[in-house]
Amino acid sequence: MASNPDFLWCKEERKQESFVKLVKHFDMSSENTRAIPYDFVRNFSDNELSGNMKIRVQWGNSWKLKISKNPRFYFMEKSGWETFVRDNALGDYEFLTFTHTGKMSFTVKIFNKDGKEMMQPPQSRAFLASSSRIKTEQDVKREEVLVSSDSSSCGPTTAAVSKGNGEGMYKRKLNFGKKKAEETQNSKRTERVVSMDRVYAGEPSSSVAGFNIFISKSYIKSLAIPTTFANDYMPKEKTMVKIHHPDGKKSWNVAFVVKKKGHIFSGGWKRLCREYPVVFGDTCKFTLIKPHELLLAVSKP
């Protein structure tokens with residue numbers, strides 16, 4: 001079985017300290033949103049937590065944020081945090097994972113509320129899509145000019161043929177071949193641009209592992225996991241996995257059980273359904289954010 005590079009990256013990430021954040025528009029700058037979880041900071045000395053932290057996103061941009069402390073917890077200072085949020089157009093229930101890579105430097109992965117990972121900054125995606133459309137329009141105009149030029153050359157070429165000049169027929173074949181080559185090239189450019197625009201518009205990408213499943217009545221007690229997903233991304237033996245609510249306020253430990261006839265979420269799943277809540281008729285979208293950790297978004301009928 002071929003290895004998945006994203007999964008291998010997540011597997012390595014699991015060995016390092018990390019924490020998660022949910023960014024909501026109505027309190028995205030509050031101290032609670034900027035708080036660094038206690039379970040995370042207890043792994044570091046007061047000296048390490050008295051300076052700056054450096055956060056870096058997938059496309060290479062980075063920010064320095066000063067760490068401060070109130071009587072209850074450590075948190076990221078407002079000015080640096082707001083710059084990071086503004087630069088990445090956050091605030092629409094994005095799910096962020098912060099992974100410590102050493103010396104208070106962090107890699108940040110950003111997931112939109114639909115579970116898709118953000119691989120480029122919003123402004124860059126919009127700019128590239130706009131540039132692609134402009135390029136397509138220019139290619140179309142260039143093709144029109146070429147067609148017009150070829151059409152105007154048909155008169156003299158035809159006249160040459162009527163005089164029995166074989167050179168005229170040869171020229172016409174060359175012009176026709178040139179036109180077809182240009183049309184083929186422009187068609188390929190257009191197809192490539194359309195493909196890019198679909199990605200920028202948010203259509204599914206193969207870079208994020210996950211699955212959707214309709215909840216039947218029997219799935220309230222235990223949930224069958226698609227075999228392909230389980231084989232590629234889940235452990236080969238019984239393991240406790242953590243499933244996160246998109247609002248970041250709740251998560252559940254659920255037993256992932258391997259059976260001869262398939263793979264299921266068992267112990268803890270029924271409690272998740274009751275507290276989330278998940279009911280018959282819902283559609284569940286699971287997104288792998290780390291090994292043994294998933295984000296669950298529920299769509300109601």
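Keep in mind that what you see is a predicted model, and the values were worked out from it rather than measured.
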dist H244:NE2 -> I289:CD1 (nearest 0.5 Å) comes out at 4.0 Å
Give a yes or no answer on whether the side chain of Y276 reaches the backbone of L296 with a donor-acceptor pair at less than 3.5 Å. yes
Please check if the side chain of K21 supplies one atom and the backbone of T33 the other of a donor-acceptor pair under 3.5 Å. yes
Measure the acute angle between the ring planes of W81 and F84, then classify it against the limits of 30° and 60° as parallel, tilted or perpendicular. tilted
Does atom NZ of K285 have more than 12 heavy-atom neighbours from other groups under 6.0 Å away? yes
Between S62 and K54 the two heavy atoms that sit nearest each other are OG-CE, 3.5 Å
Taking the six-membered ring for Trp, are H263 and F256 parallel (under 30°), tilted (30 to 60°) or perpendicular (over 60°)? parallel
Testing F40, Y74, F95 one by one against F19 for a ring-ring contact (aromatic ring centres under 6.0 Å, His included), which residue passes? F40
Shortest non-hydrogen contact between I264 and S222, atoms and distance: CD1-CB, 4.3 Å
What do you reckon, is NZ of K103 surrounded by more than 12 foreign heavy atoms closer than 6.0 Å? no
Does any non-hydrogen side-chain atom of V41 lie less than 4.5 Å from one of F73? no
Atom OG1 of T97 and atom CD of E117: how far apart are they, to the nearest 0.5 Å? 7.5 Å
Going by heavy atoms in the side chains, are V278 and I215 under 4.5 Å from each other? yes
Beyond-backbone contact of N88 with W63, side-chain heavy atoms, under 4.5 angstrom: yes
Check this for me, if you would: do D114 and K116 make a salt bridge, where the nitrogen-to-carboxylate-oxygen distance has to be below 4.0 angstrom? yes
When every non-hydrogen atom of V241 is compared with those of M234, the smallest separation belongs to CG1-CE, 3.9 Å
Just verifying a value: how many Å separate I220 CD1 and F280 CZ, rounded to the nearest 0.5 Å? 9.0 Å
Looking at every heavy atom in both L49 and M104, which two are closest together, and how far apart are they? CD2-CE, 4.1 Å
Grab the two heavy atoms, one from V258 and one from K238, that are nearest each other, plus how far apart they are. CG2-N, 4.3 Å
All heavy atoms of V298 vs all of C284, minimum pair found to be CG2-SG, 4.1 Å
Side chain K217, main chain G281, donor-acceptor under 3.5 Å: no
Indicate yes or no for a side-chain donor-acceptor contact from W269 to the backbone of Y219 under 3.5 Å, with no hydrogens or angles considered. yes
Without swapping roles, check the side chain of D247 against the backbone of K249 for a donor-acceptor pair under 3.5 Å. yes
Between D282 and V279 (side chain of the first, backbone of the second, donor and acceptor by atom type, cut-off under 3.5 Å), is there such a pair? yes
Just wondering, do L223 and F286 contact through their side chains at under 4.5 Å, heavy atoms? yes
Could you state whether L90 and F75 fall into the same hydrophobic cluster, counting links through intermediate Ile, Leu, Val, Met, Phe, Trp or Tyr residues with side-chain heavy atoms under 4.5 angstrom apart? no
Name all residues meeting the side-chain hydrogen bond (donor to acceptor under 3.5 Å, both in side chains) criterion together with K113; count only those two or more places apart in sequence or in a different chain, and write none if there are none. D92
Contact between F265 and I243 at the side-chain level, heavy atoms closer than 4.5 Å - yes or no? yes
Would a 4.5 Å heavy-atom cut-off, applied to side chains only, mark T228 and P226 as touching? no
Partners meeting side-chain hydrogen bond (donor to acceptor under 3.5 Å, both in side chains) with Y93 (sequence neighbours left out): none
Using 0.5 Å steps for rounding, measure from the CD1 atom of I55 to the OG1 atom of T99. 12.0 Å
Exceeds 12 heavy-atom contacts within 6.0 angstrom, atom NZ of K250: yes
Student check: side-chain heavy atoms of H292 and T239 closer than 4.5 Å: yes
Pairwise distance CD(E82) to CE(M76) - rounded to 0.5 angstrom: 12.0 Å
In this structure, OG of S68 is separated from CD of E31 (nearest 0.5 Å) by 9.0 Å
What I'd like to find out is whether the side chain of R34 reaches to under 4.5 Å of the side chain of L65, using heavy atoms alone. no
Counting only heavy atoms not in F214, do more than 12 sit closer than 6.0 Å to its CZ atom? yes
Do you reckon V257 sits in the same ILVMFWY cluster as M240, going by side-chain contacts under 4.5 Å, direct or chained? no
